[in-house]
Participant: 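One structure coming up, written as structure tokens, with questions to follow.
Throughout, a chain's letter reflects where its sequence line sits, starting with A, and its residues are numbered from 1.
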There are 2 protein chains.
Amino acid sequence: MDPHLLRTYVTVARLASFSEAARELGYTQSAVSQHIAALEADLALPLLTRRPVAPTPAGERLLEHAGALLLRLDAARADLDRFAAAPRATLSVAASPLALHARTLAALPATGVTLRALPREAVPAAVATGEADAGLVDGIAAPSDPLRLPDVAPLAATGVAEEPLAVVLPTTHPLAGRSGLRLDDLVDARWLDAPAAGLPLDRLRGAHGGPAGRGFRTALRYEGTDTRTLAALAAAGHGLALLPAPVAADVSGATAVPLIAPRLVHRTELLLPAASRAEPTGPVAEFTRRLKS
Amino acid sequence: MDPHLLRTYVTVARLASFSEAARELGYTQSAVSQHIAALEADLALPLLTRRPVAPTPAGERLLEHAGALLLRLDAARADLDRFAAAPRATLSVAASPLALHARTLAALPATGVTLRALPREAVPAAVATGEADAGLVDGIAAPSDPLRLPDVAPLAATGVAEEPLAVVLPTTHPLAGRSGLRLDDLVDARWLDAPAAGLPLDRLRGAHGGPAGRGFRTALRYEGTDTRTLAALAAAGHGLALLPAPVAADVSGATAVPLIAPRLVHRTELLLPAASRAEPTGPVAEFTRRLKS
DNA sequence: GCCCGCTATAAGCGTTCCTGATGGACGATG
DNA sequence: CATCGTCCATCAGGAACGCTTATAGCGGGC
């Protein structure tokens with residue numbers, strides 16, 4: 001299970017073509033064919049169906065492993081490269097959309113910053129592989145509990161902000177007059193499913209609010225990253241949205257009601273490669289210091 | 001960064017010798033020397049000091065990455081092998097000591113079981129690499145919250161038991177008469193540090209009970225795995241011990257007082273390789289079914 | 001000061017791995 | 001239904017890699 005073989009395997013699976021993968025990887029088609037054959041021989045399992053080229057069930061599982069493995073490998077290389085690299089004058093930050101708010105934006109240095117918005121899951125990977133010097137992720141957690149992040153590589157996470165959560169309802173909604181909402185009040189409600197723009201609802205399920213099996217019923221799925229659109233959808237009655245209270249309060253044409261039970265908060269964390277802990281100077285350290293003060 | 005090179009690197013680092021590592025790996029000393037040279041050239045970093053052979057700071061970091069990487073690789077291979085392997089009649093279970101209690105033991109099949117007690121951190125790895133068919137881990141968590149486990153590989157975790165926590169005090173202790181204890185009552189207390197036999201105290205720190213910087217003061221460190229010894233140490237006044245309430249209640253010569261704040265429980269989870277989800281029959285499925293019912 | 005053990009380097013050789021060419025299978029097209 | 005085109009599998013040759021054997025260089029112990 002050579003990483004080279006895994007790399008060509010995931011490429012073939014992604015492109016659904018041996019020849020295409022060969023072009024992308026700079027190999028001949030023959031080499032790619034031999035790579036796949038070697039993998040299948042090694043594991044004694046068929047990994048791909050040919051014509052059309054698609055992963056078998058075993059291949060599907062290998063894809064999960066291979067993805068994580070190659071990511072981990074890139075992360076290791078990037079981490080070690082940082083040891084040798086000269087400190088740079090620029091700062092590249094990867095952040096999930098809702099992690100960008102007054103508190104974090106204020107901490108950014110005045111010049112030399114590249115800010116990249118990414119889906120929540122991609123932020124740890126970006127920091128681990130060195131694509132970003134630092135990351136900002138947000139999520140739902142119990143007060144002063146750390147977020148549950150996929151540990152692709154040793155990363156140091158520090159909490160930088162916590163704020164209440166609020167439910168965004170149409171002004172005409174029967175519960176819009178409440179001063180606070182319990183999740184139990186909303187078990188029958190329809191939610192907006194907006195993994196990129198909003199908050200991951202599945203963190204609520206199971207842990208609190210009833211038996212683990214009960215999911216959240218979703219009315220509409222929004223795949224963009226724009227929070228204003230999400231709020232507008234909620235205002236238009238397409239479903240309820242869960243947002244950090246400061247964001248929810250700004251929504252026009254809708255009412256924001258704080259979530260009071262279960263006791264959960266919107267939390268933002270700073271992600272750094274564990275190696276840079278010791279680094280005393282440079283834009284990363286500057287950013288870190290301003291976030292913590 | 002070939003896995004073979006990483007493998008020899010970690011071996012050299014562990015044995016602090018090129019020649020020893022060569023013997024263990026079945027290479028010549030020359031090959032090992034070339035492996036290390038290749039790694040150092042690739043990363044453009046010195047990884048080991050020679051005479052004595054010891055990792056440099058960069059080498060220390062590589063060790064962390066390499067360990068996780070090789071583990072992940074073994075896990076992937078084991079997971080894929082399960083696809084091809086014929087279902088077996090035996091069941092091998094890896095468990096942390098406190099995960100073994102009436103509820104879990106009752107679910108074990110009558111015959112063909114190998115039960116291996118391991119330190120808490122090693123259980124996920126054992127399941128991932130296929131050394132065990134299933135795992136039982138315990139830990140501290142908020143009620144109906146999942147445990148925080150290192151994700152070495154895609155594993156499926158299911159809660160199987162939760163029970164209150166109790167503090168074990170000498171009968172003469174001023175707080176021994178209480179019917180319940182708050183963690184705040186105990187900030188100044190001395191604790192027994194028993195990572196193998198007891199519960200990991202650091203889960204308490206930070207999340208609850210005050211500023212994150214405040215640690216737990218430990219009086220005595222016990223490195224064995226025997227819970228009775230731990231209890232005896234607590235009874236003898238060497239420090240306080242935190243245990244699941246049913247276990248703590250059985251301690252003679254000491255008093256067990258339930259922990260009532262923060263609201264935390266002792267939780268046991270079943271760990272299965274994510275692949276075996278679909279497996280409908282066999283001893284693993286049998287064990288799973290009996291645990292869940 | 002000599003010797004022993006350890007790591008580094010050099011040369012040789014077997015194996016691996018990639019390329020280029022060719023064969024065979026499937027699907028599209030008329 | 002025949003033909004063509006595309007795509008993957010296979011084969012043979014050559015370059016490159018990686019391991020072994022042999023030897024040099026360096027330190028520490030006696």
Side-chain angles (χ1 to χ4, degrees), chain A residues 1-60 62-63 66 69-70 73 76-77 80 84, chain B residues 1-60 62-63 66 69-70 73 76-77 80 84:
Chain A
M1 296 219 334
D2 189 314
H4 290 253
L5 301 189
L6 293 180
R7 180 172 232 74
T8 79
Y9 173 71
V10 300
T11 310
V12 169
R14 174 165 50 83
L15 300 175
S17 157
F18 285 49
S19 323
E20 278 287 319
R23 268 188 287 280
E24 179 167 321
L25 296 169
Y27 288 131
T28 58
Q29 173 268 321
S30 171
V32 170
S33 186
Q34 291 177 45
H35 280 187
I36 303 299
L39 261 182
E40 292 186 324
D42 181 22
L43 297 170
L45 282 170
L47 297 173
L48 292 170
T49 63
R50 325 294 149 103
R51 215 177 313 266
V53 174
T56 63
E60 293 280 6
L62 181 59
L63 273 181
L69 223 26
L70 293 175
L73 205 59
R77 154 146 275 128
L80 271 292
Chain B
M1 298 222 325
D2 190 312
H4 290 250
L5 302 188
L6 293 180
R7 180 173 233 71
T8 81
Y9 173 71
V10 300
T11 311
V12 170
R14 174 165 50 85
L15 300 175
S17 158
F18 285 50
S19 321
E20 279 287 320
R23 267 187 288 280
E24 178 167 321
L25 296 169
Y27 287 131
T28 57
Q29 172 270 319
S30 173
V32 170
S33 186
Q34 291 176 46
H35 279 187
I36 304 299
L39 261 182
E40 292 186 323
D42 181 23
L43 298 169
L45 283 170
L47 297 173
L48 292 170
T49 63
R50 325 295 151 102
R51 219 176 306 269
V53 174
T56 62
E60 293 280 6
L62 181 58
L63 272 182
L69 224 25
L70 293 175
L73 205 59
R77 152 147 278 123
L80 271 292

Participant: Does any part of the side chain of L62(B), heavy atoms only, come nearer than 4.5 Å to the side chain of L45(B), both counted from C-beta?
Facilitator: no
Participant: Keeping to residues at least two apart or across chains, list the salt bridge (charged side-chain N to carboxylate O under 4.0 Å, His left out) pairs with something in residues 32-49 of chain A.
Facilitator: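 Salt bridge (charged side-chain N to carboxylate O under 4.0 Å, His left out) check on residues 32-49 of chain A returns E40(A)-R50(A), D42(A)-R77(B).
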Participant: With sequence neighbours excluded, what pairs up with Q29(B) under the side chain to side chain donor-acceptor pair (under 3.5 Å) test?
Facilitator: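 With sequence neighbours excluded, Q29(B) shows a side chain to side chain donor-acceptor pair (under 3.5 Å) to no residue whatsoever.
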Participant: Using every non-hydrogen atom in the two residues, find where A21(A) and V12(A) come nearest and quote the distance to one decimal.
Facilitator: CB-CG2, 3.5 Å
Participant: Looking only at heavy atoms, what is the nearest atom pair of P55(A) and G59(A), with distance?
Facilitator: CB-C, 4.0 Å
Participant: Looking at residues at least two apart in the chain, or sitting in another chain, which of them share a salt bridge (charged side-chain N to carboxylate O under 4.0 Å, His left out) with D2(A)?
Facilitator: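 In terms of salt bridge (charged side-chain N to carboxylate O under 4.0 Å, His left out), with neighbours along the sequence ignored, D2(A) is linked to no residue.
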Participant: Among residues at least two apart in sequence or on other chains, which ones pass side-chain contact (heavy atoms from CB on, under 4.5 Å) with P57(B)?
Facilitator: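 P57(B): side-chain contact (heavy atoms from CB on, under 4.5 Å) contacts with F83(A).
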Participant: So if I define the base as every atom that isn't primed, P, OP1 or OP2, how would nucleotides 23-30 of chain D read as a B/S/- string at a heavy-atom cutoff under 4.0 Å?
Facilitator: --BBS---
Participant: What pair of heavy atoms forms the shortest contact from A13(A) to L63(A), and how long is it?
Facilitator: CB-CD2, 3.8 Å
Participant: Rounding to 10°, can you tell me the angle the first-five-pair axis of the helix from dG1(C)-dC30(D) to dG30(C)-dC1(D) makes with its last-five-pair axis?
Facilitator: 20°
Participant: Heavy atoms only: give me the nearest A76(B)-L69(A) pair and the separation to one decimal.
Facilitator: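 Looking at all heavy atoms of both residues, the shortest contact is CB-CD2, 4.4 Å.
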Participant: Just to be sure I understand the geometry, which residues of residues 5-19 of chain A put a non-hydrogen atom under 4.0 Å away from DNA chain C?
Facilitator: none
Participant: Can you pull the contact range of chain B along DNA chain C, 5' to 3', using atoms under 4.0 angstrom from its heavy atoms?
Facilitator: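 Going 5' to 3' along DNA chain C, contacts run dG5(C) to dA10(C).
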Participant: Among residues at least two apart in sequence or on other chains, which ones pass salt bridge (charged side-chain N to carboxylate O under 4.0 Å, His left out) with E20(A)?
Facilitator: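 With neighbours one apart ignored, the set is R23(A).
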Participant: Rounded off to whole Å, could you give me the CG-to-C1' distance for the D2(A) and dG18(D) pair?
Facilitator: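 Rounding to the nearest Å, CG of D2(A) and C1' of dG18(D) are 13 Å apart.
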Participant: Using the salt bridge (charged side-chain N to carboxylate O under 4.0 Å, His left out) rule, collect all pairs that involve residues 5-19 of chain B, keeping only residues at least two apart or in two chains.
Facilitator: R14(B)-E24(B)
Participant: Quick one: does any side-chain atom of Y9(A) pair with a main-chain N or O of L48(A) as donor and acceptor, under 3.5 Å?
Facilitator: no
Participant: Enumerate donor-acceptor pairs with a distance under 3.5 Å from any side-chain N or O in residues 30-38 of chain A to protein atoms, sequence neighbours excluded.
Facilitator:
{"from": "S30(A)", "atom 1": "OG", "to": "Q34(A)", "atom 2": "NE2", "distance (Å)": "3.1"}
{"from": "H35(A)", "atom 1": "ND1", "to": "T8(A)", "atom 2": "OG1", "distance (Å)": "3.4"}

Participant: L70(A) and P3(A): which non-hydrogen atoms are nearest, and at how many Å?
Facilitator: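 L70(A) and P3(A) have their closest heavy atoms at CD2-O, 4.0 Å.
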Participant: Identify the two heavy atoms, one from A58(B) and one from P46(B), that lie closest to each other, and give their separation to 0.1 Å.
Facilitator: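 Taking A58(B) first and P46(B) second, the nearest heavy atoms are CB-O, 4.0 Å.
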Participant: Scan residues 32-49 of chain B against DNA chain D and write down, sorted by residue number, each residue with any heavy atom closer than 4.0 Å; if none is found, say none.
Facilitator: Q34(B), H35(B)
